[in-house]
Structures are given as C-alpha cells and as structure tokens.
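Encoded as structure tokens, the structure appears first; notes follow it.
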Amino acid sequence: QVQPVESGGGLVQAGGSLRLSCTASGRTFSNYAMGWFRQAPGKEREFVATITTNGDSTYYADSVKGRFTMSRDNAKNTVYLQMNSLKLEDAAVYFCATTFRDWASTPILYDYWGQGTQVTVAA
C-alpha cells in the first residue's frame, strides 16, 4: 500500500513560483506512475500533470504547459511540481495520486490519493 502526502502549498503572488512535494511510503514507489490534479471551489477536479515510473516522460494539461514542471526522485519516494508564472486561475487544492498505468490523465485510473495541499494566488 502506498499513501501519498502532499506538502508545499501556501500563498503566492501572481507571477510568482511555488514547488509542491508529494511523498509516498513503500518500496514499490518506483512501480507507480504519479499524477497531480487540482480542484478549485465550484469546479471539477482537473488533471494537471503526470510522470512515468522512472521519470523519463511527462505530460501536462494545456493550461499549465510551459509553466509547470513535474519531476520525481525515486530514491526519496517523492515527486515534485514546480509551478512558475502562477496565475489567479491556478489557485486550488492540489492532489497527488498514484497509478499502476504507465500514465493517466483521468482520476478513475488512480489508486491512492493524498489529502491535498492548498495553493492560493493573490493578485
């Protein structure tokens, strides 16, 4: 069993940067592709980014492409989401999740979810 835990959320000015971390226990961490999702008040949970098991491939939602970068460090059982040039519309609770798929962009394909970390963007 792998249980992700997110951290790194907080308040940031528009145009600023923030790095989120997600740490998951277990020796099988490297068997999982990982994903980041976000959910704003009154909105559906949306896909943000995903990364393959060894970190050699990533895929991003069009809304964050060129601004966000996902990476992983399997030795630390941790994935990261580097967020640059943050916009007001990026404000949301960000969730980290694991999947046995090579990668996935839909929540139903993910197995374990963290509790989320709040990102607030101020004008």
Side-chain angles (χ1 to χ4, degrees):
Q1 182 171 305
V2 178
Q3 182 63 55
V5 178
E6 305 94 339
S7 63
L11 175 65
V12 63
Q13 292 288 318
S17 297
L18 201 63
R19 188 178 75 162
L20 306 183
S21 298
C22 173
T23 300
S25 62
R27 292 184 61 200
T28 59
F29 175 81
S30 61
N31 292 338
Y32 289 89
M34 305 290 292
W36 285 100
F37 292 79
R38 66 188 184 187
Q39 188 165 22
K43 303 286 188 179
E44 294 182 341
R45 186 170 297 188
E46 67 172 338
F47 168 75
V48 175
T50 187
I51 191 167
T52 52
T53 54
N54 61 4
D56 62 354
S57 296
T58 53
Y59 178 79
Y60 302 93
D62 288 341
S63 59
V64 306
K65 193 174 299 181
R67 300 186 299 118
F68 290 11
T69 302
M70 189 175 183
S71 61
R72 70 188 297 159
D73 185 343
N74 287 347
K76 298 182 182 295
N77 283 7
T78 301
V79 296
Y80 305 94
L81 185 68
Q82 178 66 48
M83 304 183 293
N84 298 325
S85 302
L86 282 161
K87 304 175 180 179
L88 257 58
E89 51 263 44
D90 294 320
V93 176
Y94 282 71
F95 297 91
C96 174
T98 68
T99 178
F100 279 117
R101 302 280 183 139
D102 291 341
W103 61 270
S105 60
T106 57
I108 193 68
L109 298 178
Y110 284 81
D111 305 294
Y112 300 102
W113 293 80
Q115 293 298 306
T117 186
Q118 177 73 52
V119 173
T120 303
V121 182

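Atom set for the values below is all heavy atoms of this structure, side chains included, hydrogens, waters and symmetry mates excluded.
Pairs passing the ring pair (Phe, Tyr, Trp, His ring centres under 6.0 Å) check and including a residue from residues 48-71, sequence neighbours excluded, read F47-Y59, Y59-W103. Residue pairs meeting the disulfide bond (SG atoms under 2.5 Å apart) criterion with at least one member in residues 28-109, sequence neighbours excluded: C22-C96. For residues 75-96, no residue pair satisfies the ring pair (Phe, Tyr, Trp, His ring centres under 6.0 Å) rule, not counting sequence neighbours.
Take D62 and apply the side-chain hydrogen bond (donor to acceptor under 3.5 Å, both in side chains) test, not counting sequence neighbours, and it matches K65. In this structure R101 satisfies the salt bridge (charged side-chain N to carboxylate O under 4.0 Å, His left out) test with no other residue, sequence neighbours excluded. By the side-chain contact (heavy atoms from CB on, under 4.5 Å) test, E46 is found to be paired with R38, residues two or more places apart in sequence or in another chain being considered. Applying the side-chain hydrogen bond (donor to acceptor under 3.5 Å, both in side chains) test to T78 and every residue at least two apart in sequence or in another chain returns T23. Scored by the side-chain contact (heavy atoms from CB on, under 4.5 Å) test, S17 finds Q82, N84 as partners (sequence neighbours excluded). Scored by the side-chain contact (heavy atoms from CB on, under 4.5 Å) test, T106 finds I108, L109 as partners (sequence neighbours excluded). Looking at residues two or more places apart in sequence or on another chain, you find no side-chain hydrogen bond (donor to acceptor under 3.5 Å, both in side chains) involving T98. For N54, the side-chain contact (heavy atoms from CB on, under 4.5 Å) partners are T52, D56, not counting sequence neighbours. Legend: residues meeting side-chain hydrogen bond (donor to acceptor under 3.5 Å, both in side chains) with D111, ordered by chain and number and at least two apart, are absent.
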